[in-house]
Amino acid sequence: MDDEQGTPDATRTPGATPTPEAPPPPEAPRQDPWDTVERLHAWLDSHNRRESQEALLLRMLKLSEEVGEVAAAVIGATGQNPRKGTTHTWDDVRSELCDVIVTAMVALRTLTPDAAAVLAAHLRHVDARAKIVSPPTG
C-alpha cells in the first residue's frame with residue numbers, strides 16, 4: 001500500500017525497513033497506573049495456587065516471556081524471517097513493550113508494597129546519573 005505521496009508502505013513490504021513512527025496518544029482521562037498494577041497484583045494473588053516462592057519465581061519469569069514477544073514482534077515488523085515475511089506492525093511492537101512495562105510493574109509490586117516509591121527513587125538515580133554524562137548546554 002502507498003501513502004498519499006505514492007511512497008510504498010514499508011511496514012508491510014517484506015524485507016523493507018519500516019519506520020516505527022508512533023501514532024498520537026489517544027485522549028483519555030489520566031489515571032495512576034499503579035492503581036491498575038495494584039488491582040492486577042491482587043487479582044493474580046487471588047488466583048494463585050502455587051507456593052509463594054514458586055509463584056514469585058514464575059512471576060519474575062513472566063518478564064522473559066513478554067520480552068520474547070517484543071523480539072518476535074520486531075522480527076515480524078521488519079520481515080526478518082524470510083519464511084514468514086512481515087507478520088507484525090510497529091503498533092504490535094509498541095503493544096508488546098507496554099506488556100513488558102506492566103509485567104515489570106506487577107513483578108516489582110510482588111516484591112514490595114512500595115513499588116511506586118521504589119521505581120520513583122530508581123528513576124531519580126537514573127536521571128541524576130544521566131545528567132552527569134549529558135553534554136553541557138549553552
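Numbers here are sequence positions counted from 1. What you see below is based on every heavy atom in this structure, not just the backbone, and it leaves out hydrogens, waters and symmetry mates.
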Worksheet item: For Q31, which residues count as a side chain to side chain donor-acceptor pair (under 3.5 Å) partner, sequence neighbours excluded?
Response: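 For Q31 the side chain to side chain donor-acceptor pair (under 3.5 Å) partners, ignoring immediate neighbours, are T36.
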Item to complete: Find the distance between OG1 (T89) and CZ (R94) and round it off to the nearest 0.5 Å.
Response: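 Those atoms lie 7.0 Å apart.
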Which pairs of donor and acceptor atoms, one on a side chain in residues 102-116, lie under 3.5 Å apart (sequence neighbours left out)?
{"residue": "T103", "atom": "OG1", "partner": "D99", "partner atom": "O", "Å": "2.7"}
{"residue": "R109", "atom": "NE", "partner": "E38", "partner atom": "OE1", "Å": "2.8"}
{"residue": "R109", "atom": "NE", "partner": "E38", "partner atom": "OE2", "Å": "3.3"}
{"residue": "R109", "atom": "NH2", "partner": "E38", "partner atom": "OE2", "Å": "3.1"}
{"residue": "T110", "atom": "OG1", "partner": "R59", "partner atom": "NH1", "Å": "2.9"}
{"residue": "T110", "atom": "OG1", "partner": "V106", "partner atom": "O", "Å": "2.8"}
{"residue": "T112", "atom": "OG1", "partner": "D114", "partner atom": "N", "Å": "3.1"}

Item to complete: Go through M60 and L57 one step at a time and tell me if the side chain to side chain contact (heavy atoms under 4.5 Å, CB included) criterion holds.
Response: CA-CA 5 Å; M60 299 305 128; L57 294 173; 5.6 Å; no
Worksheet item: Hey, are D127 and R124 close enough for a salt bridge, meaning a charged N less than 4.0 Å from a carboxylate O?
Response: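 The answer is no: the pair does not qualify as a salt bridge.
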Worksheet item: What's the shortest heavy-atom distance between T86 and G79, and which atoms?
Response: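 Looking at all heavy atoms of both residues, the closest pair is OG1-CA, 3.8 Å.
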Consider only side-chain heavy atoms of I, L, V, M, F, W and Y, link residues closer than 4.5 Å, and tell whether [X] and [Y] are in one cluster.
X: V118; Y: L123; result: yes
X: I75; Y: V93; result: no
X: I101; Y: L63; result: no
X: V100; Y: W90; result: yes

Worksheet item: Under 3.5 Å, side chain of H47 to main-chain N/O of W43, donor-acceptor pair present?
Response: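 Yes.
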Fill in: E54 and L58: CA distance, side-chain angles, deciding distance, side chain to side chain contact (heavy atoms under 4.5 Å, CB included) verdict
CA-CA 6 Å; E54 182 182 9; L58 290 171; 4.0 Å; yes
